[in-house]
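All remarks here apply to the structure that follows.
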Amino acid sequence: MGNYFNTLSLRDKLDQLSKCRFMDSSEFSDGVNALKGKKIVIVGCGAQGLNQGLNMRDSGLDISYTLRDAAIAEKRASYVNATDNGFTVGTYQELIPSADVVLNLTPDKQHTSVVNAVMPLMKQGATLSYSHGFNIVEEGMQIREDLTVIMVAPKCPGSEVREEYKRGFGVPTLIAVHPENDPEGKGWAQAKAYAAGTGGDRAGVLASSFVAEVKSDLMGEQTILCGLLQTGSILCFDKMVEKGIDAGYASKLIQYGWETITEGLKYGGITNMMDRLSNPAKIKAFELSEELKDIMRPLFQKHMDDIMEGNFSKGMMEDWANDDKNLLGWRAATGETAFEKTPAGDVEISEQEFYDNGVLMVAFVRAGVELAFEAMTDSGIIDESAYYESLHETPLIANTIARKKLFEMNRVISDTAEYGCYLFDHACKPLLADFMKTIDTDVIGKTYAKDNGAGVDNAKLIEINAALRNHPVEKIGTFLRASMTAMKPIV
Ligand SMILES: NC(=O)C1=CN([C@@H]2O[C@H](COP(=O)(O)OP(=O)(O)OC[C@H]3O[C@@H](n4cnc5c(N)ncnc54)[C@H](OP(=O)(O)O)[C@@H]3O)[C@@H](O)[C@H]2O)C=CC1
Ligand SMILES: CC(=O)[C@](C)(O)C(=O)O
Ligand SMILES: [Mg+2]
Ligand SMILES: [Mg+2]
């Protein structure tokens with residue numbers, strides 16, 4: 001076993017990275033049929049396992065769970081999750097031999113040992129599925145030749161996979177078939193039916209590759225989605241407290257602010273999020289975000305390079321071998337930050353106030369989304385995929401911070417995402433130290449400018465509006481969001 005991506009020729013690397021086709025909803029007219037009546041067994045009942053299983057059962061599929069022996073014997077959380085929801089739970093020996101499709105939804109760190117345990121028990125011609133291609137792409141896992149290997153990767157945390165489904169919708173999903181393992185040519189039909197079962201087809205599905213999924217997913221989660229939201233939360237909170245803003249107010253502004261301002265992003269991209277500010281505040285947010293982009297660009301590029309070259313996965317796997325020493329230490333340190341420890345105050349903050357008093361947060365979001373999108377597309381990842389991994393998913397992660405701050409975000413995302421998030425955060429905070437010295441409460445904690453009071457430079461405003469609207473993330477976003485609203489009323 002070794003890094004599969006690194007064994008490919010440059011031509012094949014570029015070919016796999018650029019695999020990404022936005023599927024037409026008509027391609028899902030067969031619904032879940034390709035999996036109807038098949039026995040689907042999910043390994044693991046955690047963030048993705050439980051929520052995908054609930055959706056697929058509601059879509060009429062036959063779902064049961066297999067857990068390691070100790071989880072069953074000790075009635076661990078995963079066992080309780082599955083049995084409380086009325087699912088059959090059994091050992092590998094009991095359930096795997098009769099399974100038509102096995103969904104491996106255990107943490108990435110466990111994939112090699114789980115697949116090695118499960119594979120010999122799988123029947124001839126069955127299908128093995130992943131929701132993240134790390135094991136195949138970064139570890140070069142070899143799967144038995146008769147087995148079909150597919151991937152169905154929801155572009156969001158497991159909790160939101162369920163929430164969106166309950167709302168009658170779904171989350172954008174990337175599907176793929178491992179080219180080395182499609183002996184019967186049934187991979188795509190099964191992956192499509194699986195995406196229909198989770199509701200993903202209603203939000204948008206990209207036909208992609210294991211390689212493109214891994215490289216884009218790692219980049220999004222480390223930088224804009226989790227890393228930057230963590231850094232931004234800590235820096236904005238500490239600054240407000242340092243400058244005398246009430247700590248309870250500061251805590252609330254950050255905890256719920258990301259969710260509120262990225263709601264604007266969800267509806268109308270960066271353009272709409274920035275349009276929610278007064279004109280003078282928009283100009284200020286633009287200037288701050290330009291500065292942030294210049295400072296952070298090398299860090300975003302470094303993350304992309306490390307992911308592409310396999311350095312990131314190598315470092316993380318060393319930590320796996322070291323009993324997750326880094327991960328666990330960094331997780332504990334996050335729990336000790338002042339932001340995490342200060343409860344949100346009992347103060348009313350109106351929807352508009354989150355924008356008006358959070359100009360710096362808006363600047364962070366714009367800078368992070370654009371930088372992540374640019375780094376991905378510069379490396380051969382297609383715009384649609386880069387959009388989902390930067391702009392689209394940010395509000396979904398922000399929702400988790402609103403629930404229970406950074407603790408909840410880091411609990412809900414995968415361990416892989418959490419590890420990369422801390423790496424980014426540790427490098428980004430010192431990088432922004434000088435910039436933060438220039439920041440005062442006019443851009444975080446207090447209202448920058450509610451109206452156009454002191455006047456607005458028309459030429460500058462026009463130039464800024466054009467720069468925002470002409471960014472490629474806005475072009476692809478307009479197209480993808482149009483297909484989403486078009487699909488909503490059908491539900
Ligand atoms: N978290 C997310 O929202 C997202 C995750 N993904 C991907 O989905 C996959 C699952 O991640 P996630 O849902 O976060 O995982 P979780 O950490 O939530 O999964 C834990 C589950 O895996 C079981 N498990 C842990 N170790 C083993 C083992 N050695 N053998 C058997 N079962 C084990 C646990 O059972 P036990 O009780 O025995 O510990 C538990 O049921 C990953 O590939 C991830 O990258 C993709 C998109 C988003
Ligand atoms: C939530 C999600 O999509 C991540 C961030 O990729 C993950 O948890 O790995
Ligand atoms: Mg992801
Ligand atoms: Mg991930």
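Residue indices begin at 1 and follow the sequence shown. Indexing begins at 1, ligand by ligand and atom by atom, following the structure's order.
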request  = From the options E213, E393, M409, E221, select the one whose nearest heavy atom is closest to atom 1 (C) of ligand 2.
outcome  = E393
inquiry  = Set out, in order, the CA-CA distance, both residues' side-chain angles and the distance that settles side chain to side chain contact (heavy atoms under 4.5 Å, CB included) for K215 and F5, then state yes or no.
reply    = CA-CA 10 Å; K215 302 298 185 184; F5 182 71; 3.6 Å; yes
message = Using the rule given for side chain to side chain contact (heavy atoms under 4.5 Å, CB included), can you reason through L103 versus M56, listing the C-alpha separation, both sets of side-chain angles and the distance that settles it, and then say yes or no?
response = CA-CA 12 Å; L103 315 187; M56 291 170 93; 4.0 Å; yes
task = Determine whether any heavy atom of E418 lies closer than 4.0 Å to an atom of ligand 2.
result = no
2.8 Å cut-off met by an N, O or S atom of D217 to the Mg ion (ligand 3) = yes
inquiry  = Angle between ring planes, F210 versus Y130, binned at 30° and 60°: parallel, tilted or perpendicular?
reply    = perpendicular
query = With a cut-off of 4.0 Å, which atoms of ligand 2 are near a heavy atom of A417?
reply = 5 (C), 7 (C), 8 (O), 9 (O)
remark   = the Mg ion (ligand 4) has as its nearest N, O or S atom from E221 the atom OE1
note = Quick note on ligand 2: atoms under 4.0 Å from a heavy atom of C156 include exactly 1 (C), 3 (O)
task = Examine ligand 2 and decide if any of its atoms is less than 4.0 Å from a heavy atom belonging to T416.
result = no
query = Looking only at heavy atoms, which two atoms of A203 and F169 are closest? And how far apart?
reply = CA-CZ, 3.8 Å
Those atoms of ligand 2 less than 4.0 Å from some heavy atom in S414 = 7 (C), 8 (O), 9 (O)
request  = May I ask you to check whether Y194 and W188 place their ring centres under 6.0 Å from each other?
outcome  = no
query = Using a heavy-atom cut-off of under 4.0 Å, does the side chain or the backbone of D217 touch ligand 2, or both, or neither?
reply = side chain
inquiry  = Would you say the rings of W330 and Y419 are close, in the sense that their centroids are separated by under 6.0 Å?
reply    = yes
ask   = Think R202 forms a cation-pi with Y165, using NZ or CZ under 6.0 Å from the six-ring centre and within 45 degrees of its axis?
value = yes
